[in-house]
Each structure stands twice: as C-alpha cells, then as structure tokens.
Amino acid sequence: MPKLIFLPHEIICPEGAEIDAQPGETILNAALANKIAIEHACEKSCACTTCHIIVREGFDSLEEAEENEEDYLDKAWGLEPESRLSCQALISDEDLVIEIPKYTINMVSEDH
C-alpha cells in the first residue's frame with residue numbers, strides 16, 4: 001500500500017502527515033479521507049487550480065496529465081515541473097512526497 005507523505009503546510013497540516021492510500025485513488029480523495037483539507041473549489045471536476053500540489057518525490061510514478069489538466073496547471077500559482085492537480089492525479093504503487101503550495105488561485109470564487 002503506497003504512502004502519501006505531506007510536507008508541513010502552515011494551515012492545512014502544520015506538522016505534515018503520512019497516510020496510506022489505495023492505488024487508483026486520486027491524491028485529493030486520499031487526502032480528504034484522512035482529514036487533510038486540500039481546497040477543491042470545483043468539486044473535483046478539473047475546472048480550477050485550487051487543488052494544485054507539487055509532487056516532490058514519486059512524480060514519475062503518476063500517469064501523465066491530460067490536456068485539460070495541463071491547461072489549468074498553466075494558471076496555477078507557483079507552478080513547477082512536478083505540479084499536478086490533486087483531483088486528477090491517480091496514485092500508483094509508489095510512495096509520494098507532496099507539497100501543498102502556500103497560495104492558491106480560486107478561479108471559481110464568488111469574491112472575484
């Protein structure tokens with residue numbers, strides 16, 4: 001069973017976290033099931049960038065992002081080569097080390 005290791009994030013998981021995950025599950029679903037509240041304004045429909053994460057280790061074990069995800073990632077704050085939308089990235093059988101960026105761009109917020 002792969003492990004997801006979340007690096008500390010000031011608000012979401014200040015001490016970091018290590019959770020077990022199921023292959024084929026999205027990173028976002030695994031996080032939410034373990035009370036790691038990654039923002040997901042579009043309700044996991046790949047229509048925003050609020051669930052943007054950076055996979056610091058294990059990135060190559062993920063399937064490549066589809067075109068729609070790539071288009072949204074281009075708009076994410078703090079984009080890096082190992083960035084993914086956690087609602088789209090399916091866990092394989094390898095452990096992942098994940099960083100949740102400090103900021104997010106909420107493109108579907110009514111406050112914009």
Side-chain angles (χ1 to χ4, degrees):
M1 179 174 289
K3 293 200 177 302
L4 303 185
I5 301 153
F6 289 88
L7 299 175
H9 181 279
E10 186 176 321
I11 297 168
I12 297 172
C13 55
E15 312 218 345
E18 184 174 311
I19 63 173
D20 292 323
Q22 294 294 325
E25 180 177 30
T26 66
I27 293 172
L28 178 59
N29 284 342
L32 294 174
N34 287 274
K35 300 186 179 12
I36 300 170
I38 296 174
E39 187 176 357
H40 53 289
C42 72
E43 295 301 319
K44 310 174 196 174
S45 66
C46 195
C48 73
T49 63
T50 59
C51 71
H52 169 229
I53 56 163
I54 302 163
V55 182
R56 294 292 180 202
E57 292 180 27
F59 181 82
D60 291 336
S61 71
L62 302 173
E63 290 184 21
E64 287 189 30
E66 293 187 8
E67 186 175 348
N68 190 39
E69 180 183 357
E70 291 283 353
D71 289 345
Y72 276 101
L73 279 170
D74 286 341
K75 301 170 187 171
W77 181 90
L79 182 68
E80 294 192 18
E82 293 80 24
S83 288
R84 290 297 302 265
L85 296 180
S86 62
C87 71
Q88 300 300 301
L90 298 176
I91 300 162
S92 68
D93 56 356
E94 287 187 34
D95 294 350
L96 301 173
V97 175
I98 298 164
E99 179 180 349
I100 302 168
K102 184 174 183 176
Y103 300 106
T104 183
I105 299 171
N106 190 339
M107 298 170 59
V108 295
S109 173
E110 293 177 6
D111 294 335
H112 289 273

Taking Ser92 for its side chain and Ser61 for its backbone only, find out whether a donor-acceptor pair lies under 3.5 Å.
yes
Counting only N and O atoms by type, is there a donor-acceptor contact under 3.5 Å from the side chain of Glu63 to the main-chain atoms of Leu90?
no
By side chain to side chain donor-acceptor pair (under 3.5 Å) - contacts of Ser45 (at least two apart):
none
Taking Thr49 for the side chain and His52 for the main chain, is one N or O donor matched with an acceptor at less than 3.5 Å?
no
Through direct or indirect side-chain contacts below 4.5 angstrom among Ile, Leu, Val, Met, Phe, Trp and Tyr, which residues connect to Phe59?
Leu4, Phe6, Ile12, Ile19, Ile27, Leu28, Leu32, Ile36, Ile38, Ile53, Val55, Leu62, Ile91, Leu96, Ile98, Ile100
Of all residues at least two apart in sequence or in a different chain, which pass the side chain to side chain donor-acceptor pair (under 3.5 Å) check with Lys102?
none
Residues which pass salt bridge (Lys or Arg N to Asp or Glu O under 4.0 Å) with Glu80, listed by chain and number, not counting sequence neighbours
Arg56
Indicate the atoms forming the closest heavy-atom contact of Ser86 with Thr26, along with that distance.
O-CB, 3.6 Å
Decide yes or no for Pro101 and Ile54: does some side-chain heavy atom of the first lie under 4.5 Å from some side-chain heavy atom of the second?
yes
Spacing of Glu39 atom CD and Cys48 atom SG [to the nearest 0.5 Å]:
7.5 Å
Point-to-point distance, once rounded to the nearest 0.5 Å, from SG of Cys51 to CD of Gln88:
7.0 Å
Here the pair of heavy atoms bringing Gln22 nearest to Met1 is NE2-CE, 2.9 Å
For the atom pair CD (Glu69) and SG (Cys87), what is the distance rounded to the nearest 0.5 Å?
7.0 Å
Where at least one partner belongs to residues 7-31, residue pairs that pass ring pair (Phe, Tyr, Trp, His ring centres under 6.0 Å), sequence neighbours excluded:
none
Not counting sequence neighbours, which residues clear side chain to side chain donor-acceptor pair (under 3.5 Å) with Asp95? List them please.
none
Do Pro23 and Pro2 have side chains that get closer than 4.5 Å, going by heavy atoms?
yes
